[in-house]
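Here is the structure we will look at.
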Amino acid sequence: MKQTVEILRQRISNAITEVTGIENCDPIVRLSTNPDFGDYQANGVMAIAKKTKTNPRKLAEEIIAKLSIEDICSPAEVAGPGFINLRLKPEFISKQLMAMEKDLGGTLGFEKTKKPQTIVVDFSGPNIAKQMHVGHLRSTIIGDSICRILESIGHKVIKQNHIGDWGTQFGMLIAYLKQDNPEVIDNPDSVHLSDLEQFYKNAKARCDEDADFAEAARKEVIKLHNKDADTMRVWQHIVDESRLHYQPTYDRLKADLHQENERGESFYADKLESIVEDLRKMGLAKESDGAICVFPDGFKNKEGNPLPLIIRKSDGAFLYATTDLAAIRYRADELKADKIIYVTDARQNLHFEMVFAVARMAGWVKEDTELCHVTFGSVLGEDGKPFKTRSGENVKLKDLLDGAVTRALSVVEEKNPELDAETKSNIAKAVGIGAVKYADYSNNRTSDYIFSFDKMLAMEGNTAPYMQYAYARVKSISRKAKANNINIENELAGLKDLNLVEPAEIDLAKYIMSYGEIINSAAVDYRMNYLTAFLYELAQKFSSFYTNCPVLKASDKSRATRLLLCRLTAKCIGQGLSNLLGIDVVEQM
RNA sequence: GCGCCCGUAGCUCAAUUGGACAGAGUCGCGGACUUCGAAUCCGAAGGUUGCAGGUUCGAGUCCUGCCGGGCGUGCCA
């Protein structure tokens, strides 16, 4: 099933070609901003009129005269300076919804991309031996949703979790573990790091106050680089133990990340030397103040001099710029990426611009390979400052999620005390975690937002609980139907044509149709808030329909139609929340 | 200093990338439960889009200059 905008765009484009001779021009078809203007509008005629120096209204009239859309719309109208307004015919709405119903198990009739790409998405990137904190939330869930959306429209997605599992801090961690738990060398599984944060702090503290220990830590860094067997065993153990801490968080967040997606800093460690050497051989890298630097065009420092991307420090150590360059090369060469997406906060903007520039200078990515930094804003506390605990520490992601689930549970207890404990617990998880994720997604990705349990867990407004409630209400209709011996499958099987009469049902029907269009626009700019806005409006339209149009008690003439609307609404909300955003829906709450 | 992002209703935010009368939510106000789940719905109110110019049929969106804020800016990631 083709999306309605797509069909209209093509038809109008053809008509434009007939009238003006201009081929493949975009008539800019959009959902109408105002119901008075119809359902869709074409905004592109004015620009064409300008280009061809004709009267825009007259041109619009001529285009309409050549336009064949009788199967979709009632006669098109010219409005204002040269808009073309289009109103869908009920038969067409009916046809599209029936097509969606036939594809319930699939993409709801949504057509996949004609040009599938291999897209590498780099996201989450937790630090090993530290707890995940609120700073990892956005990259993890935004990245995850980007993957889900790109996959759903037919691209091949390769996830890359660039974990921080290498570097000088591992010297002290390994030395600490060897000193306190020497048995870890021969029997790693005997030692568990129950509290990562404490482990890290202890190691750091000892490093600061004990000179001998600091020296041991330095030696471990060298042994790490030389792949010393004992050291590597302890290192591997720290990584494995850390995974035991962050994997459950991924699972709770429904972030589809696993060990197989990890390509951390350690993976690139032995590729860094050649990055520097190759850049030197190409004459792109040179020494400056003892460090090896590349000076990509167009970047200036405070004094107006060329700004360096430092790829090797004066002490010989490599930096994250080096690792990122190695990663780009790997992703282009080995993973055959057509596009590489980095999901990190906006502060790393300059870094990635420079890394991308250097990768292109070196010819490590093809001309048409897209390098894309998808940025996001910060999570702020109620005071509008970066979200921290009272003692000024980063808020642990685990604590954050626990807090949300606890609050959700107390609401469930209050609203539905008669449910059994396990059901309540499951609802609380879905609502609590869902609220945190939904609040993030529903904000503009690029702006900062203030984290508030009260707002995200509110029943009213554009929140996860509201969406989940709407879903639960639709679902309760099917339960009720069963209890009343109404066979939904039979009724829908007998449905040949929709009987759309009430304003609320027409409104809902038209809106459901645009589901696929929204997925597309969300995918183009990785804007999850387009999707949440659609789902919210859908839920509102459903709620309005629900209060105005009885379903099970409806006349025979309209009951099947209404059952279909319910089914498609549930499917859109369910698929949107669960499959595209990774937010659980519940049958009852 | 330079670079990036931002400034929209009392508050929190949208605005599909230059489209028609700038929309939601929330707070406060007024209505609706004997009727499929009221965690709901319906209604009214709320605006000089930071300021000043410019580009054009048309600007919250693009350009210029101010004002205010955040972030970044040579050896952390």
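Chain letters run A, B, ... following the sequence lines, proteins first and then strands; every chain starts at 1.
The separation between A:Lys58 atom NZ and B:C57 atom C1' is 17 Å, rounded to whole Å.
A side-chain donor-acceptor contact under 3.5 Å links A:Ser266 and A:Asp165. A donor atom on one side chain and an acceptor atom on the other are found under 3.5 Å apart for A:Ser543 and A:Arg473. Side chain to side chain, A:Asn444 and A:Tyr449 fail the donor-acceptor criterion of an N or O pair below 3.5 Å.
Nearest to the side chain of A:Lys313, among B:C13, B:U73, B:C75, sits B:C75.
Side-chain atoms of A:Gln540 and base atoms of B:A24 include no donor and acceptor less than 3.5 Å apart. Residue A:Tyr469 places no side-chain atom within donor-acceptor reach of the base of B:A39, judged by atom type and a 3.5 Å distance cut-off alone.
Aromatic stacking is not marked for A:Tyr466 over B:A39, as the cut-offs of 5.5 Å for the centres and 30° for the planes do not both hold.
Close placement of the A:Phe453 and A:Phe451 rings is indicated, their centers lying within 6.0 Å of each other.
Formation of a donor-acceptor pair under 3.5 Å by the A:Arg559 side chain with backbone atoms of A:Pro550 is not found in this model.
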Could you write out RNA chain B as dot-bracket? Rules: Watson-Crick or G-U wobble, both distances under 3.5 Å, brackets [ ] for crossings, | for pairs with another strand, dot for unpaired. (((((((..((((.....[...))))..((((.......))))......(((((..]....))))))))))))....
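The heavy-atom pair separating A:Arg57 from A:Pro81 by the smallest distance is CG-O, 3.6 Å.
Residue-level contact check: A:Ser476 touches the bases, meaning some heavy atom is under 4.0 Å from a base atom.
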